[in-house]
Q: 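What follows is a structure written as structure tokens; I'll ask about it next.
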Amino acid sequence: MPRTNSTITFSLSPEMVERVHEVMRQQGHSESEFLRRAVLRYIEECEWWQLFQYGEERAGEQGIGAEDVTGLLEEYRAEVSQSEA
């Protein structure tokens with residue numbers, strides 16, 4: 001059966017390795033599981049940051065400022081609750 005995972009090798013300082021092992025012990029995860037979760041979280045954080053930047057740019061183009069966000073959210077929530085009723 002063909003392998004479904006790839007292996008990546010990288011280096012960490014001894015201090016970072018100890019921190020990783022401490023969290024692994026606390027959480028009960030293997031190194032692979034710990035690092036998969038850490039990488040996934042970092043990727044998701046990068047994607048959210050890109051989305052945030054996109055939203056800021058679009059809002060700026062449309063003249064929407066931070067002070068407008070609360071009102072827009074309230075309008076959206078009202079529309080959603082009406083459509084669900």
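Starting from 1, each residue takes its place in the sequence as its number.
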Q: Could you tell me whether the side chain of Q50 reaches within less than 4.5 Å of the side chain of Y54, counting heavy atoms only?
A: no
Q: Once you round to the nearest 0.5 Å, how far does CZ of R36 lie from CG of N5?
A: 6.5 Å
Q: Salt-bridged, R41 to E44, with N to O below 4.0 Å?
A: no
Q: Could you state the interatomic distance from CG (L35) to NE2 (H29), rounded to the nearest 0.5 Å?
A: 11.5 Å
Q: Check the surroundings of atom CG in L73: do more than 12 heavy atoms from other residues, nucleotides or ligands lie under 6.0 Å from it?
A: yes
Q: Give, for atom OG of S11 and atom CE of M16, the distance between the pair rounded to the nearest 0.5 Å.
A: 12.5 Å
Q: Roughly how far, to the nearest 0.5 Å, is the CZ atom of F10 from the CG atom of L12?
A: 5.0 Å
Q: Supply the atom-to-atom distance Y42 OH to E47 CD, rounded to the nearest 0.5 angstrom.
A: 11.5 Å
Q: Atom OG1 in T70, atom CD in E75: separation rounded to 0.5 Å?
A: 11.5 Å
Q: Indicate yes or no: at least one non-hydrogen side-chain atom of R19 is less than 4.5 angstrom from one of E15.
A: no
Q: If you group Ile, Leu, Val, Met, Phe, Trp and Tyr by side-chain heavy-atom gaps below 4.5 Å, do V17 and V20 land in one group?
A: yes
Q: Are E22 and R25 ion-paired here, with the side-chain N under 4.0 Å from a carboxylate O?
A: yes
Q: Under 6.0 Å from the CD atom of Q53, do we count more than 12 heavy atoms belonging to anything else shown?
A: yes
Q: For a quick test of reading the model, state the closest non-hydrogen atom pair linking M24 to F34 and the distance between them.
A: CG-CB, 3.9 Å
Q: Check whether any side-chain heavy atom of H21 sits under 4.5 Å from a side-chain heavy atom of E31, and report yes or no.
A: yes
